[in-house]
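Worksheet: the structure to be examined is printed underneath.
Note that ligands are numbered from 1 as they come in the structure, with each ligand's atoms numbered from 1 the same way.
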Amino acid sequence: MTINTDHYWMPFTSNRQFKARPRLLDRAAGMFYTSTDGRQILDGTAGLWCVNAGHANPHITAAIARQAGEMDFAPPFQMSHPKAFEAATDLASMMPEGLNRVFFCNSGSESVDTALKMALAFHKLRGDPMRTRLIGRERGYHGVGFGGIAVGGIAGNRKHFGPTLAGVDHLRHPLDLTRNAYSRGLPAYGAELADEFEQRLLALHDPATVAALIVEPVQGSAGVILPPQGYLEKLRAICDKYGILLIFDEVITGFGRLGTAFAADYFGIKPDIICCAKGLTNGSVPMGAVVAKQTIYDTFMQAAAADAIEFYHGYTYSGHPLACAAAIATLGVYRNEQLFEHAGKMAPHFEEAAHQLRELPFVRDIRNLGLICGIELEPLAGKPSARAYEVFNRCFWDKGVLVRTTGDIIALSPPLIIQPSQIDQLFSAIASVLKTLH
Ligand SMILES: Cc1ncc(COP(=O)(O)O)c(C=O)c1O
């Protein structure tokens, strides 16, 4: 197949390297992609942390096709359509108790920017306009909007784009290989890093100026960084003590990745706002959502006149009919096929298979939770990322397995429908590539 690769400027991709030997997929079903050269590729990444129910689930594809024929678009401002309300109701019913007001957008990045604006406006509307600071974490990933890169902590995503938002600060991330390498599940050490939120950041800025803390319960894009035991509990307690909103960015942890609907359920911690996207429609139609506690919604409603717009925010495609149809069908599949429970059942085998790679060349850490795994490699001297990229490339071309890498970390997040034999296939492909690395 010859295609013209000149015109498409690819996102987060080494364009010249890719175009020299394109990796192209053109079909997908269940756990597998088919590449354009006709090979079956086991999906070790659920697309990009999103195809949790596996590819081309017939309930989801049929719902999208039906909706495309019934109604393509309805304006979302001062107008709507029934499936937007139905999708919001379904999503609210899957959320931790009390988080039940749903604002739709089109991506994880938009969900983060929406949540940050919601948090700032909330404090202003309830008469506390001094609360304008936002706190994120080093190595946090919250998408690519200006809000998201400001609270995010990945240097490469920030350095070319100026000062972004003012009034943002960051907690340290909790990855410490000297104490926590090869921990299975949550690391034992590091909860005290949460105390720095109070002792350093709030002491420095004055807690009365802080609007919200945003964290990924499990940091994904920067290479799978797990919260130490007791760490998230401490963050919740500090937020409560000072009236700061806690936002969980659950764009990758939402929809069963840890064996529960949300990481908030897994950890038993209730944030004030949850951002989600990706698995909301099984990756089939772009959609994101911000789900807020009812008290936050009520504050907006009470602060504005009865006929006024309460939140000056929204997107042309908020609650798009195709996305809503896809979300309703997807949430139904998760429920009816009990996929979160299945993910929970697969997690011990996944952990066991992952840790079998411990003694292989260049492996310096393996960390896992639910159906998430990070395998950190020793970088090649003077060429950061090159070693993991080679693993990724060779898994794709030689082993028929799709993995993802970030820096020198291999990050795995397969569809929740994965079976034990496919878990074995995934890790043995990576192991056989690692054994031949120089
Ligand atoms: C935690 C988190 N937040 C936000 C995003 C951004 O989502 P999107 O790429 O849909 O904008 C991602 C994407 O991977 C993510 O992992």
Side-chain angles (χ1 to χ4, degrees), residues 10-13 44-52 103-119 134 136-154 156-158 161 164 170-171 173-175 212-227 232 246-258 262-264 266-267 271 273-291 315 317-318 320 323 326-327 330 369-374 402-407 409 411-414:
M10 297 175 67
F12 276 125
T13 297
T45 61
L48 192 52
W49 307 82
C50 49
V51 187
N52 290 7
F103 194 99
F104 284 126
C105 52
N106 308 289
S107 66
S109 299
E110 288 182 0
S111 78
V112 167
D113 281 16
T114 299
L116 299 178
K117 288 171 80 175
M118 198 181 270
L134 300 165
R137 261 196 309 189
E138 291 172 0
R139 290 181 75 168
Y141 183 66
H142 299 293
V144 293
F146 273 103
I149 61 170
V151 292
I154 299 181
N157 293 351
R158 298 160 53 94
F161 309 118
T164 69
H170 296 80
L171 281 170
H173 68 75
L175 181 66
L213 167 68
I214 181 166
V215 293
E216 301 156 87
V218 175
Q219 288 175 263
S221 293
V224 182
I225 302 179
L226 298 164
L232 292 172
L246 177 61
I247 304 172
F248 271 6
D249 180 347
E250 294 232 30
V251 167
I252 62 162
T253 49
F255 307 105
R257 181 68 35 215
L258 303 183
F262 287 87
Y266 183 89
F267 292 108
I273 297 176
I274 286 181
C275 298
C276 61
K278 297 196 187 253
L280 173 55
T281 57
N282 204 37
S284 60
V285 181
M287 188 180 216
V290 176
V291 187
Y315 303 91
Y317 301 121
S318 282
H320 189 281
T330 300
L369 194 70
L371 289 184
I372 301 178
C373 174
L402 181 64
V403 304
R404 180 164 164 67
T405 61
T406 161
I409 302 159
L412 303 171
S413 57

Distance to 0.1 Å, residue and atom name: give those for the protein heavy atom nearest to [atom].
atom: atom 9 (O) of ligand 1; value: S109 OG, 4.4 Å
atom: atom 3 (N) of ligand 1; value: D249 OD2, 2.7 Å
atom: atom 16 (O) of ligand 1; value: I252 CG2, 3.2 Å
atom: atom 8 (P) of ligand 1; value: G108 N, 3.5 Å

Name of the residue among L246, V151, L134 meeting side-chain contact (heavy atoms from CB on, under 4.5 Å) with I214: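 Exactly one pass, corresponding to V151.
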Shortest non-hydrogen contact from V251 toward S111: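 Scanning both residues completely, I find the closest heavy atoms to be CG2-OG, 4.0 Å.
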Taking every non-hydrogen atom, the tightest pair across V144 and S109: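 Where V144 meets S109 most closely, the heavy atoms are N-OG, 3.0 Å.
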Min N/O separation E216 to ligand 1 under 3.5 Å: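 There is no such contact.
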Short N or O distance, H142 and ligand 1, threshold 3.5 Å exclusive: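 Min N/O separation from ligand 1 is not below 3.5 Å for H142.
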Separation of M287 CE from T281 OG1 (nearest 0.5 Å):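 If we round to the nearest 0.5 Å, T281:OG1 and M287:CE are 7.5 Å apart.
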Euclidean distance, S107 OG relative to L280 CG, rounded to 0.5 Å: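 With rounding to 0.5 Å, CG (L280) is 11.5 Å from OG (S107).
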Atoms in ligand 1 flagged as close to S107, the criterion being non-hydrogen separation under 4.0 Å: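 It comes down to these atoms of ligand 1: 10 (O), 11 (O).
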Residue portion contacting ligand 1 (non-hydrogen atoms closer than 4.0 Å) for S221: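 The side chain, only.
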Sub-4.0 Å heavy-atom contact, E110 with ligand 1: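 Contact check E110 vs ligand 1: negative.
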Heavy atom of Y141, distance to ligand 1 below 4.0 Å: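 The answer is yes: ligand 1 sits under 4.0 Å from a heavy atom of Y141.
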Atom OH of Y317: over 12 foreign heavy atoms under 6.0 Å: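 Not buried by this count: 12 neighbours or fewer within 6.0 Å.
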Stepwise side-chain contact (heavy atoms from CB on, under 4.5 Å) test for S413 and I252: CA-CA 9 Å; S413 57; I252 62 162; over 6 Å; no
